[in-house]
Amino acid sequence: MRLFLAIEPPPELRARLGALADLARAQCGGRRVPDESLHLTLAFLGEVETARVEALTEWLQGVSPEGGEWRLDSWGTFRRPGIVWAGGKTPDPALTALQARLWDDLESLGLGGRPSRFVPHVTLLRRARRLALDALPPIALAWPWRRLTLLRSFTEQDGPRYEALARSA
Ligand code: 2AM
């Protein structure tokens, strides 16, 4: 099954990010990520054998990050898949340290796929037709976080859907 580790936004922030996604959709076209799917990916694991999921779940339940507050102050794009995202102008040190620590653990569990760079972001649009961010308003949001979620990704006709399998302590 296709898995990833993410941080999910608290409800109020989820709605605010959804409002940003609406603004971006009006400006750039493409597919808006539904509110319930908005997340910050920390580690994309790809296809993982079912037999490994129990060990992953047990590991995650023993992880207890200190948490932090991620400041979102920037729009961004990934050109090739036409992604428009919200994130930080500079990488958040606590998230960067957490991502590195998670990959150390994941590699000890026998999982691969550590990316060469990590750009913390929340994908708001996919397949945008225009990557025109200049008319969008400035972003100033704070995201208090602590818990991590192991999510399973399904592909449905209208895009990906996610199911939470486990959470950190
Ligand atoms: P993103 O939207 O935060 O960029 C679940 O599929 C999530 O994992 C996606 O939302 C995407 O995160 C990330 N993801 C999907 N495919 C990926 C890949 N091939 N490499 C890295 N991350 C990927």
Side-chain angles (χ1 to χ4, degrees), residues 1-10 13-14 16-25 28-50 52-53 56-57 60 63 65 68 70-92 94-107 109-129 131 133 136 139 141 143 145 147-168:
M1 59 186 89
R2 196 176 156 95
L3 302 180
F4 63 107
L5 279 171
I7 301 179
E8 297 178 292
L13 184 70
R14 194 183 280 283
R16 283 165 171 260
L17 289 167
L20 292 181
D22 286 335
L23 290 174
R25 170 77 178 67
C28 306
R31 277 191 182 172
R32 178 206 192 280
V33 176
D35 280 13
E36 68 271 18
S37 296
L38 293 163
H39 63 271
L40 161 62
T41 301
L42 288 171
F44 176 70
L45 308 180
E47 282 299 322
V48 175
E49 298 152 44
T50 311
R52 285 180 181 267
V53 175
L56 257 177
T57 299
L60 184 61
V63 171
W70 182 32
R71 301 217 160 251
L72 294 93
D73 59 4
S74 182
W75 296 92
T77 62
F78 294 142
R79 195 166 292 272
R80 219 179 310 155
I83 283 179
V84 174
W85 50 260
K89 283 193 184 99
T90 54
D92 179 273
L95 290 174
T96 302
L98 175 64
Q99 188 260 6
R101 189 194 132 198
L102 291 174
W103 271 112
D104 290 346
D105 284 4
L106 290 165
E107 286 177 344
L109 289 168
L111 292 157
R114 187 195 286 251
S116 53
R117 68 181 191 135
F118 173 53
V119 181
H121 66 277
V122 186
T123 297
L124 302 176
L125 294 181
R126 301 183 196 279
R127 299 196 208 161
R129 289 193 296 270
L131 296 180
L133 307 180
L136 292 167
I139 298 178
L141 293 174
W143 179 336
W145 60 269
R147 285 190 108 184
L148 314 180
T149 307
L150 176 67
L151 290 145
R152 178 178 185 181
S153 167
F154 300 88
T155 305
E156 299 210 332
Q157 231 171 9
D158 58 344
R161 288 283 179 277
Y162 309 126
E163 177 197 5
L165 298 183
R167 292 204 162 81
S168 63

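Order of listing sets the numbers, starting from 1, for every ligand and every atom in it.
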Inset, instruction - Would you mind checking which non-hydrogen protein atom is closest to atom 2 (O) of ligand 1, with the distance to 0.1 Å? - result: Thr123 OG1, 2.8 Å
Legend entry - Heavy-atom pair with the smallest gap, counting every atom of Leu125 and Ala21: CD2-O, 4.0 Å
Legend entry - Ion pair check, Arg32 and Asp22, cut-off under 4.0 Å: yes
Inset, instruction - Please confirm whether Phe78 comes under 4.0 Å of ligand 1, counting heavy atoms of the residue only. - result: no
Inset, instruction - Report the part of Arg152 in contact with ligand 1, treating N, CA, C, O as backbone and CB onward as side chain, heavy atoms under 4.0 Å; options are side chain, backbone, both, neither. - result: neither
Inset, instruction - Within a distance under 4.0 Å of any heavy atom of Arg2, pick out the atoms of ligand 1 and give their elements. - result: 15 (C), 16 (N)
Inset, instruction - Would you indicate whether the side-chain heavy atoms of Val122 and Leu20 approach each other to under 4.5 Å? - result: no
Legend entry - Nearest-neighbour protein heavy atom for atom 10 (O) of ligand 1, which is reported as residue plus atom name and distance: His39 NE2, 3.1 Å
Legend entry - ligand 1 contact on Trp85 by region, counting heavy-atom pairs under 4.0 Å: neither
Inset, instruction - Evaluate the ring planes of Trp85 and His121, with Trp represented by its six-membered ring, and classify them as parallel (under 30°), tilted (30 to 60°) or perpendicular (over 60°). - result: tilted
Inset, instruction - Return the residue, atom name and 0.1 Å-rounded distance of the protein heavy atom closest to atom 4 (O) of ligand 1. - result: His121 NE2, 2.7 Å
Legend entry - Lys/Arg-Asp/Glu bridge criterion (N-O < 4.0 Å) met for Arg114, Asp104: yes
Legend entry - Qualifying residue for side-chain contact (heavy atoms from CB on, under 4.5 Å) with Trp70, from Leu13, Ile7, Asp92: Asp92
Inset, instruction - Could you tell me which atoms of ligand 1, counted from 1 in the order shown, lie closer than 4.0 angstrom to a heavy atom of Tyr162? - result: 10 (O)
Legend entry - Heavy-atom neighbours of Arg161 CZ exceed 12 at 6.0 Å: yes
Inset, instruction - Just need the protein heavy atom nearest to atom 20 (N) of ligand 1, so name the residue and atom and give the distance. - result: Phe44 CD2, 3.5 Å
Legend entry - Nearest neighbour in protein (non-hydrogen) for atom 12 (O) of ligand 1: Thr41 OG1, 3.0 Å
Legend entry - Ligand-residue contact atoms, ligand 1 with Arg126, heavy atoms, under 4.0 Å: 2 (O), 10 (O)
Legend entry - Donor-acceptor pair between Ser37 and His39 side chains, under 3.5 angstrom: no
